[in-house]
Structures are given as structure tokens and as C-alpha cells.
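Here the structure is a predicted model, which is why all the values come from computation and not from measurement. Only this structure's heavy atoms are used, side chains among them; waters, hydrogens and symmetry mates stay out. Order of the sequence lines fixes the chain letters, A, B, ..., with proteins taken first and strands second; residue numbering starts at 1 for each chain.
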Amino acid sequence: MTDLILYNTLSRKKETFSPINPGKVGMYVCGPTVYGHAHLGHARPAITFDVLFRYLKKCGYKVRYVRNITDVGHLEADADSGDDKIAKKAVLEQLEPMEIVQLYTDSYHRSMEFLNVRKPSIEPRASGHIIEQQEMVQKILDEGYAYESNGSVYFDVKKYDNNHNYGKLSGRVLEDLITTTRELDGQQEKRNPFDFAIWKKANPEHLMQWTSKWSEGFPGWHLECSAMSTKYLGKEFDIHGGGMDLLFPHHECEIAQSRIANGRHSVKHWIHNNMITINGQKMGKSLGNFITLDELFSGTHNTLEKAYSPMTIRFFILQAHYRSTLDFSNEALQAAEKGYLRLMKAWDILQKCKPGKESSLSVQQLEDRCSTAINDDLNTPILIAQLFEGVKWINLLIEGKESLTESDLIKLKSLFEKYLFNVLGLKDEQTASSNDGLTPQLIDLLLSIRQEAKANKDFARSDQIRDQLTGLGIKIKDSKEGSSWEM
RNA sequence: GGUCUCGUGGCCGAGCGGCUAGGCGGCGGUCUGCAAAACCGUAUACAGCGGUUCGAAUCCGCUCGAGACCUCCA
């Protein structure tokens, strides 16, 4: 088998993946800030790293996958307030901050389950790791890379840059940052504008705050990932993932903090997924151009022409490479839906294929191509293209135009099982949802009456049943084996 | 303004020096009482202009256009 190659943002090159501890992989991915329902953009890293998680396990690694929930620490964008984003929303909605956190965490989990995203091994919350974060602040202070100012503690970026290299991940140069850093709250307290808070003193009305030796306050946002990754994965671990928008400053700051607190560079392999765009622009909270996953699943958003199933969304995302931007449109989503259904249908047909005396197709070659694709920096679009090649084969097999021996047929089935279901994490939505309630039985009954009419050449009657069912939104599909339907 | 990406056929999206990407849509066919569905086949492309090379969508330069980060963001 070929080696797994992954692009490393740190080196800007594709690198052969080899874990620090043989057979074991530690992976940390930045999870959501739970102050709103998850939108399409949140699905991208979740699915990208889900595929990596699944594939690493398939390769036989023991993987510890940590994905956090950010429930404290973000400063409000408006410089006047300085409030925690979650606390702000709580005041607005007259709820306890933790109630908001619970509401949206549950919502996130539900969406992830719909998308067939596996749960991470550990899902730590920032609010549950205040002690660890305070310890890290102290450690950085002890090392002399942070200073206290009016109850807040700031990371001394300039000092860090003298001895290490601040900006190595994002390709930034400190001198440039001096001129481009924006004015923020607490700027007067800092030695340099690019210094960032690792502990922030809270206003009295601030709802989420904790006691510390510096002030009643809360940890800086960047700190939580450093603290929690260290706690669960150690001072050095294999993979750190997240969205490209987190590259600077979040991940850059994380590198600096961990370097000082842990005495070494913590992350070996940085992986970043690109953004989902809508009309060519990044989909995001601040632009207000996002569509939540719930809205996609139910079709309740004015830009949506219809509802799109979770597997359609998953397939849509996997059809693009994770490092490319992916543009949302109804047309693209509907294309994805058709493609996904075609794959599922082929899987169904494959179960009915009978073995032949010899093989006219090379399953091994297809397997090799699939393996090459996924190993090449998780090239899921190529992998999917290979699976469509398999779809074509399956359709020719059932028609008797190609043949496979019994062992090759089994091999093809396990190839689909491995890549389509286990690695890409798709599942068949059709079979799961179509057999509940009385309606399906009633439709089947009507179809059998229609079948009878057709047999008697009473086409007026059979067309009447078809047209009226169509009017009710039920699509009839005739084939040699009989009629089927879908809503 | 600084740093960095990207511009591929009607749409979405791979490829990153020579070999058909793929999906959706279109067109042609098979099947069918008809239609739909399904399946098979097929056409259309690399923003523009130069350069390097035997050969460029792929490398280099310029021009035009779009976007990301520099502030919370997946």
C-alpha cells in the first residue's frame, strides 16, 4: 500500500504522514463556538476531519481525536463592549449563558449526527478547563513571555519573536503586523498592539467570569486549544486541524503559547480546510450570509429551492477537495443529490449481480486507484470519480455486458463498503426512511391496482392513478421489475 | 495598504509539463402501451497577452478579474 500523504500548512508542502508514536495518532481539531446553530461552513471541517479520522482508523491506527466546544473566551467584535460573545447573547435572550451553550451544543450534535459525522474521542469544553488554562497562563508568566497589566495578562509577542519565529505558520512578518493590527479594546494596556490576551479582566456585568490571582476574568480565546490539546494529547502530537480562517491569529498564537508552556513545538502536522462560499463570498456569521444546516435539511431558507438531505450535503462537500473553496448554489446541490443517489442505486444493484466464469474487469486496478486517491492528501473528488467508474461497471454487470468471478464480485462489494461507506462516511438514506407509517403501504396498494390495469391494457385507468399520485408529489418509476415510487 | 490564494466547457469541480477526470445539465440511443425514471453513448474547456520547452490548463512574467487573512469566524 502507498503511504498517506498530507499537506502540511507549516511547510507548505505535501508530506508523508508518519506518527510520533508508531501505531498511534493524536489529532486535535478546532470545534465550534456555540452561540448559534451550525451552518454549512461548520460542516466542512467536521466532515473533512471525520474522513481523516475514519481513514486513519481504517489504516489500523489507534486514533485519539479531540474536538473542542468553545463556550467561553471570545471577545465581542465591537470594541466598546469587550463582552464575551456568549454572555452577550444570553443577556439579549434572557437566558443563562450555560443555557445558550447547552442549546447550541445539542443542536450542533444533532446536525453532526445527521451528517453521519462520528463523535470525536474526547470533546472538551473550554469552560471545563479554566484551571488548566490558568496554569498555562502562570507557566507562560514564569517563563517571562507574558506580562500582567491592569488585571489582564498579555502574551509578549515581540519577545517571543526574538527567540522563535512568530508568523511561521501564517507566513506573517512581525514588522508588517505593527502597521496592520487594528485598534482593539485594552490596547493601552499592551506593550505592543499585536500582543494578545491570555487572561482578560472582566467587567462587573460580565456574566461568565472566574476568580484568578490576576483578576475576576476569563481566559483568552487562543489559550483553550493549547491547554486542552496538551492535556489530552501531550506536549507533542501529530495533527492539528481547523478552518483556514483560524490560521491567523488563532493558530499562530496557539503555536506561540504551546511552544513556551511546553518547551517545544507541539504540533507536527497542521491541516486546514478551505471555506464554503456563497455567490463567491465566504459564508460566515459576520457577513450574515450563512445557511444553517437545519435550514438546509428542511428547505426553510429563502435562497433554497428545496430541502437537501444530510447525505446530499456530505456528498456535495466531499466532491470538492478540502483545500479548495467550494461554492454553494442550488444547482450544485441538486447535482450532488443526483450523483449521490446514483451511487446508492448502484450499491443496491451490486447486491443483485451474479458471478460469472471469468472477470472482464480489473477490480484490483480500481482498488489501487481508490487507494492512490485517498492517500494523495485525501483527494476525495478523485476517489468519488473512481467509484463512479465502479457504478458504470455495476450497470454493465447486471446487463451481462461485463462479468466478474465470485471472488472479484466480493472484492468489488468490499471496495464499495470500504470507501463509500466507511471512509467517505456516506450512508443510504432511502432504505432507512421509507418504511414507516401507513402511507407507503397505501401507495404500494395503489401501484398494484395500477399494475393490474396495465396488465389488462386499461391504460386510461393506469395513467389516471399515475397522474393523480404525481399530483400529490409522489413520483412513479417504472422498470422491468415493476414500479417504484418516491416522495 | 500588507500577506496569500484562485480564475477550467451551461453549472459544480479534479488535474499542476505529454496520456478520457468525474458529477449535473444538453444531445443521440436502449427500454417502455405512452410518458417519466433508469441505463448506455456523445459534444463543448482551460481569463488575456507574452516567454521557457520538442511539447503547457499545468512552469515564468505582465495585464485583467474574483476571493481569503490582517477583527470574532469552520
- Message: For the C1' atoms, the ones on B:A56 and on B:G67, what distance do you get once it is rounded to whole angstrom?
- Response: 26 Å

- Task: Specify the separation, in whole Å, of atom CG of A:L341 and atom C1' of B:C24.
- Result: 12 Å

- Message: By the 4.0 Å heavy-atom rule, please label A:M283 as base, sugar-phosphate, or nothing.
- Response: base

- Task: Name the nucleic acid region contacted by A:K338, choosing base, sugar-phosphate or nothing; use a 4.0 angstrom heavy-atom cut-off, strictly under.
- Result: sugar-phosphate

- Looking at A:F49, is A:R67 sitting on its ring face, NZ or CZ under 6.0 Å from the six-membered ring centre and within 45 degrees of the normal? no

- Task: Measure from the ring center of A:H129 to the ring center of A:Y232 and say whether it is less than 6.0 Å.
- Result: yes

- Task: Please determine, for the side chain of A:D245, which listed nucleotide (B:G41, B:C69, B:G23) has the closest atom?
- Result: B:C69

- Query: Taking atom C1' of B:G22 as reference, at what distance in whole Å does atom CZ of A:F388 sit?
  - Reply: 7 Å

- Query: Does the distance from a Lys or Arg side-chain N to an Asp or Glu carboxylate O, for A:E337 and A:K306, drop under 4.0 Å?
  - Reply: yes

- Span that lies between the C1' atom of B:C64 and that of B:C54, in whole angstrom: 32 Å

- Query: Would A:S127 and A:M98 satisfy side chain to side chain contact (heavy atoms under 4.5 Å, CB included), going step by step from the backbone distance to the final call?
  - Reply: CA-CA 10 Å; A:S127 64; A:M98 276 302 164; 3.4 Å; yes

- With sugar-phosphate meaning primed atoms plus P, OP1 and OP2, does A:L246 contact a base, only sugar-phosphate, or nothing at under 4.0 Å between heavy atoms? sugar-phosphate

- Message: Suppose you measure atom P in B:U58 against the same atom in B:C49; what distance do you get, rounded to whole Å?
- Response: 12 Å

- Note on the structure: So CD of A:Q464 and OG of A:S462: to nearest 0.5 Å the spacing works out to 9.5 Å

- Task: Looking at every strand, decide which applies to A:L333 at a 4.0 Å heavy-atom threshold: base, sugar-phosphate, or nothing.
- Result: nothing

- Query: Do A:K14 and A:D376 sit within salt-bridge range, that is, some charged N less than 4.0 Å from a carboxylate O?
  - Reply: yes

- What distance, rounded to whole Å, do you find between the two C1' atoms, one in B:G26 and one in B:U63? 35 Å

- Note on the structure: Given Watson-Crick and G-U pairs under 3.5 Å, RNA chain B in dot-bracket ([ ] crossing, | other strand) is (((((((..(((.....[...))).(((((.......)))))....(((((..]....))))))))))))....

- Quick one: which of A:K119, A:R314, A:R118 gives a side chain to side chain donor-acceptor pair (under 3.5 Å) with A:D50? A:R314

- Query: Considering only B:A74, B:C70, B:A21, which nucleotide approaches the side chain of A:A385 most closely?
  - Reply: B:A21

- Phosphate OP1/OP2 of B:A38: any A:N395 side-chain N/O under 4.0 Å: no

- Lys/Arg N to Asp/Glu carboxylate O, A:K158 vs A:D161, below 4.0 Å: no

- Query: On RNA chain B, nearest-nucleotide positions of A:L177 versus A:G31: which is more 5'?
  - Reply: A:L177

- Message: Please classify the nucleic acid contact of A:H250 as base, sugar-phosphate, or nothing, using heavy-atom distances under 4.0 Å.
- Response: nothing

- Distance between the P atoms of B:C62 and B:G2, in whole angstroms? 15 Å

- To the side chain of A:R342, which of B:C40, B:C69, B:C70 is closest? B:C40

- Query: With a non-hydrogen cut-off below 4.0 angstrom, is A:G284 in contact with a base, only sugar-phosphate, or nothing?
  - Reply: nothing

- Query: Which letter, B, S or -, goes with each nucleotide of nucleotides 3-15 of chain B from 5' to 3', with contact meaning a protein heavy atom under 4.0 Å?
  - Reply: S-------SSSSS

- Carboxylate-amine/guanidinium proximity below 4.0 Å for A:E367 and A:K418: yes

- Message: Is the terminal nitrogen or CZ of A:K285 (NZ for Lys, CZ for Arg) located under 6.0 angstrom from the six-membered ring centre of A:F290 and within 45° of that ring's axis?
- Response: yes

- Message: Taking only the C1' atom of each, what is the distance from B:G41 to B:A47 in whole angstrom?
- Response: 32 Å

- Task: If a protein heavy atom is under 4.0 Å from the base, mark B; if only from the sugar-phosphate, S; if neither, -; do that for nucleotides 27-36 of chain B going 5' to 3'.
- Result: ----S-BBBB

